[in-house]
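Beneath this line is the structure, given in structure tokens, with notes to follow.
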Amino acid sequence: MIIYLINFFIAILLGSMIFFMSIVSPSVFATLSSNASSKFLRTIFPRMFLFGFVISLLAFILTILSNDLFNSIVLVIIGLSFLLNRNYLTPLINKFRDQELEGNSKAAKNFKMMHLLSVLLFMINFFLLILVIVLNYINHNL
């Protein structure tokens with residue numbers, strides 16, 4: 001029974017990540033001005049990362065209850081990645097972007113590096129979540 005709840009939380013997280021990548025981000029850049037899109041993204045990214053952390057935490061707690069060490073480790077990595085993105089990378093990305101807009105060329109390079117790291121962490125989380133769902137299906141014959 002617990003495995004179904006774990007997969008449910010993972011599916012919620014995967015669905016939200018797909019929605020964000022395929023609907024929210026492209027829509028923001030297609031419809032909002034540069035200033036408005038910047039304000040919107042600075043509001044939504046920390047919330048999205050917090051949502052990812054909370055859902056990962058709930059799934060992690062369930063893996064602890066089911067004595068599933070592998071999934072527990074993977075979900076800790078995912079949860080910490082969401083926190084790293086929210087509490088460390090996002091503020092740096094915003095700072096470097098502001099400095100870039102003020103004409104600081106070194107900040108532009110830092111912005112690109114931090115943004116790339118943030119996107120890579122997001123994608124790694126995405127693929128790790130898929131791995132967990134697939135392995136749960138194989139191991140539990142759902």
Handout entry: Residues forming a ring-ring contact (aromatic ring centres under 6.0 Å, His included) with Phe49, sequence neighbours excluded
Key = Phe45
Completion exercise
Rounded to the nearest 0.5 Å, the CE atom of Met48 sits from the OG1 atom of Thr43 at a distance of 12.5 Å
For residues 109-121, tabulate all N or O donor-acceptor pairs below 3.5 Å that involve a side-chain atom, not counting sequence neighbours.
| from | atom 1 | to | atom 2 | distance (Å) |
| --- | --- | --- | --- | --- |
| Ser118 | OG | Asn85 | OD1 | 2.6 |

Problem - Partner residues of Lys39 under the side chain to side chain contact (heavy atoms under 4.5 Å, CB included) criterion, sequence neighbours left out - result: Asn35
Practice task
Output all residues satisfying side chain to side chain contact (heavy atoms under 4.5 Å, CB included) with Leu80, sequence neighbours left out; order by chain, then residue number.
Solution key: Val76
Problem - Between CG on residue Leu89 and CG on residue Asn94, distance to nearest 0.5 Å - result: 11.0 Å
Problem - Side-chain heavy atoms of Ile44 within contact of Phe20, under 4.5 Å - result: yes
Fill in the blank from the handout: side-chain hydrogen bond (donor to acceptor under 3.5 Å, both in side chains) pairs touching residues 122-133, sequence neighbours excluded, are Ser81-Asn125
Handout entry: Interatomic spacing from CG in Asn139 to CD1 in Ile3 - rounded to 0.5 Å
Key = 8.0 Å
Handout entry: Ile133 side chain reached by Leu129 side chain, heavy atoms, under 4.5 Å
Key = no
Which donor-acceptor pairs under 3.5 Å do side chains of residues 8-19 form with protein atoms, sequence neighbours excluded?
| from | atom 1 | to | atom 2 | distance (Å) |
| --- | --- | --- | --- | --- |
| Ser16 | OG | Ile12 | O | 3.4 |
| Ser16 | OG | Leu13 | O | 2.8 |

Fill in the blank from the handout: CZ (Phe96) and CG (Leu101) are apart, to the nearest 0.5 Å, by 13.5 Å
Exercise for the section: Treating Ile, Leu, Val, Met, Phe, Trp and Tyr as nodes and any side-chain heavy-atom pair under 4.5 angstrom as an edge, say whether Val74 and Leu5 lie in one connected cluster. Expected result: yes
Problem - salt bridge (charged side-chain N to carboxylate O under 4.0 Å, His left out) against Arg97, all qualifying residues, sequence neighbours excluded - result: Glu100
Practice task
State, to 0.1 Å, how close Ser22 and Pro26 come at their nearest heavy-atom pair, and which atoms those are.
Solution key: O-CG, 3.5 Å
Exercise for the section: To the nearest 0.5 Å, tell me how far Phe122 CZ sits from Met21 CE. Expected result: 5.0 Å
Problem - Same apolar cluster (I L V M F W Y, side chains within < 4.5 Å links), Leu84/Ile77 - result: no
Practice task
Can you measure from CG (Asn7) to CG (Asn136) and round to the nearest 0.5 angstrom?
Solution key: 4.5 Å
Practice task
Say whether Leu41 and Leu92 are linked into one hydrophobic cluster, either directly or through other cluster members, by side-chain heavy-atom distances under 4.5 angstrom.
Solution key: no
Handout entry: With Asn104 via side chain to side chain contact (heavy atoms under 4.5 Å, CB included) - residues at least two apart
Key = Gln99, Lys106, Ala107
Handout entry: Of all pairs that satisfy salt bridge (charged side-chain N to carboxylate O under 4.0 Å, His left out), the ones with a partner from residues 49-63, not counting sequence neighbours
Key = none
Problem - Residue list, side chain to side chain donor-acceptor pair (under 3.5 Å) with Asp98, at least two apart or on another chain - result: Arg42
Return all side-chain donor-acceptor pairs below 3.5 angstrom for residues 53-63, not counting sequence neighbours, or 'none' if the list is empty.
| from | atom 1 | to | atom 2 | distance (Å) |
| --- | --- | --- | --- | --- |
| Ser56 | OG | Gly52 | O | 2.7 |
| Thr63 | OG1 | Phe60 | O | 2.6 |
| Thr63 | OG1 | Ser72 | OG | 2.8 |

Fill in the blank from the handout: Those residues at least two apart in sequence (or on a different chain) that pass side chain to side chain contact (heavy atoms under 4.5 Å, CB included) with Thr31 are none
